[in-house]
Amino acid sequence: MQTLTPSFSTALHFIGGQLHDSPTRFDVIDPATGLAFQTAPDATQAQLNQAVVAAKQALPAWRDLGYEKRGEQLRAFASRLREQAPTLATLLTQEQGKPIARAREEFERSAMLVDGITRLAIDSELLREDARGRATLHHRPLGVVGAITPWNTPIVLAVSKIVQALYTGNTLVLKPSPYAPLATLNLGVLAKDLFPPGVLNIIAGGTDLGSWLTRHPDIAKISFTGSVRTGKAVMVACADTLKRFTLELGGNDAAIVLDDVDVEKIAPQIFWAAFGNSGQVCMAIKRLYVQRKAYEPLVAALARIASQVQVGPGADASSELGPLQNRAQFEYVRGILDDTRRSGARLFEGGQRLPDSGYFIAPAIVADALEGMRVVDEEAFGPVLPMLAFDDVSDAVRRANDTTFGLGSSVWSSDLDRAEEIANQLSAGTTWINSHMGVEPGVPFGGIKQSGMGVEYAVQGLKGYMEPHVIKTPAHDLQASH
Ligand code: NAD
């Protein structure tokens with residue numbers, strides 16, 4: 001197998017500290033044109049095995065290095081992320097579609113996550129010390145972790161898995177989505193000569209590679225972010241070797257807006273929490289429940305914002321929304337919009353003038369939406385927001401909870417006590433009050449119901465990359481040692 005020198009121009013796997021090509025490569029499409037602009041290497045099963053062997057060999061020394069030194073190396077990686085953001089953000093925009101300013105932000109957010117997570121402490125706990133003796137609880141790394149990421153925010157998700165797995169003393173084999181693998185593969189170029197060889201491995205491929213990774217006997221845990229459907233396949237695959245897993249899956253987040261809000265103030269916040277990244281965010285607002293009195297004013301305010309938004313290629317600095325990331329997603333969202341047009345709902349489509357080529361869809365506000373319509377019941381994962389009216393808050397809560405998803409939710413009101421009371425009744429991993437969206441290093445994030453299992457971030461998330469280990473010592477031995 002050929003070993004090559006680092007460069008941002010040809011995307012290569014990063015295995016055992018070296019850059020490697022594959023016998024075959026696949027096209028990566030620019031969603032702003034619909035045309036292939038680069039290729040990525042398609043990892044063979046032998047290359048996966050090579051990455052796992054490298055990760056296994058690197059494990060003992062990395063595990064024994066301790067939190068402080070691992071944290072230092074990870075923060076050096078964060079510095080490189082910041083340094084290279086201008087170059088890599090261009091690549092991220094070209095493969096993912098998002099506006100260039102948002103791509104740069106994704107690198108900055110990733111670096112901030114590294115800084116924050118590497119300052120968290122996982123302490124041993126004294127469970128009891130009494131006449132019977134002492135029991136303490138420790139956490140140690142699981143071993144080689146496999147990570148699988150989607151295409152919507154590839155860098156922040158890859159980096160969050162890298163920092164959580166490596167900081168806790170594991171080594172990692174990471175697989176990005178074949179739709180947007182290039183910027184993530186280039187993280188290997190950044191990590192080269194920084195971490196000891198084999199600590200971090202990044203290999204590209206599609207469903208087959210994902211499946212081999214989840215079934216590999218020497219991988220102890222899978223950290224997966226993606227759709228509910230693939231998450232279920234991952235869970236089944238993990239059963240064979242009883243792998244640990246974290247599943248961060250889809251959402252159909254409801255926001256409940258009470259009639260005491262300042263409509264003009266919250267409208268832009270709601271708009272961007274629904275349409276940022278062209279709606280391709282797991283925790284975007286995807287169903288908007290609005291109390292009757294505020295309903296029409298909010299429809300008008302959101303439709304006005306939609307009409308002013310600039311949709312265009314992410315590389316164009318004036319674009320506020322880019323294209324959908326891939327053709328399948330583009331067709332899926334168009335199908336939902338066609339159904340919506342036939343449903344009798346009122347559709348307000350904005351976006352000024354759309355480019356002629358590429359996967360562009362204008363942001364659409366759907367008024368008079370109802371449960372039973374695809375736009376309400378399914379995770380559209382696109383620039384479309386259904387608005388549903390309600391009179392009683394209890395009715396809104398029941399309808400918001402009536403879904404198999406349970407990722408995020410939010411309540412909007414000028415009465416914080418009332419908002420908190422409603423928040424307590426919502427079934428979701430996170431409920432925001434007067435905002436929606438966002439993760440931070442010290443706060444756990446995850447979904448309930450079919451939105452996932454386990455959490456990422458914070459001490460709770462880090463413990464998901466570790467196994468508990470209890471040590472018990474009898475009292476008479478403790479006394480003898482004093
Ligand atoms: P996807 O499930 O199609 O793909 C995700 C990853 O899984 C890709 O790398 C893919 O190659 C891989 N994969 C496909 N088949 C596999 C298999 N059988 N075994 C193992 N891996 C396999 O998801 P997507 O379309 O890339 O991403 C969009 C979805 O991700 C949305 O549902 C979104 O809500 C969700 N998402 C969730 C979060 C979260 O934190 N909860 C964050 C971002 C995105």
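No experiment lies behind these values; they were computed from the predicted model shown. Numbering starts at 1 and runs along the sequence shown. Whatever order the structure lists them in is the order used to number ligands and atoms, beginning at 1.
Within the structure, no pair that satisfies the salt bridge (Lys or Arg N to Asp or Glu O under 4.0 Å) test touches residues 223-240, not counting sequence neighbours.
In summary, Glu106 and Arg102 do not engage in a salt bridge, as defined by a charged side-chain N under 4.0 Å from a carboxylate O. With respect to the salt-bridge test (charged N to carboxylate O, under 4.0 angstrom), the residues Glu456 and Lys161 qualify. A salt bridge does not link Arg244 to Glu467: none of the charged side-chain nitrogens sits closer than 4.0 Å to a carboxylate oxygen.
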Return a table of N or O atom pairs, ligand 1 on one side and protein on the other, at distances under 3.5 Å, rounded to 0.1 Å.
unit_1, atom_1, unit_2, atom_2, d
ligand 1, 2 (O), Ser227, N, 2.9
ligand 1, 2 (O), Ser227, OG, 2.6
ligand 1, 2 (O), Thr230, OG1, 2.7
ligand 1, 9 (O), Thr149, O, 2.8
ligand 1, 9 (O), Lys175, NZ, 3.0
ligand 1, 11 (O), Lys175, NZ, 2.8
ligand 1, 23 (O), Ser227, N, 3.3
ligand 1, 25 (O), Trp151, NE1, 3.1
ligand 1, 26 (O), Trp151, NE1, 3.2
ligand 1, 30 (O), Gly226, O, 3.2
ligand 1, 32 (O), Glu379, OE1, 2.8
ligand 1, 34 (O), Glu379, OE2, 2.7
ligand 1, 41 (N), Leu249, N, 3.3
ligand 1, 41 (N), Leu249, O, 2.7

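For Phe245 and Phe224, the ring centers sit 6.0 Å or farther from each other.
A cation-pi arrangement is absent between Arg104 and Phe107, since the terminal nitrogen or guanidinium carbon is not both under 6.0 Å from the aromatic centre and inside a 45° cone about the axis.
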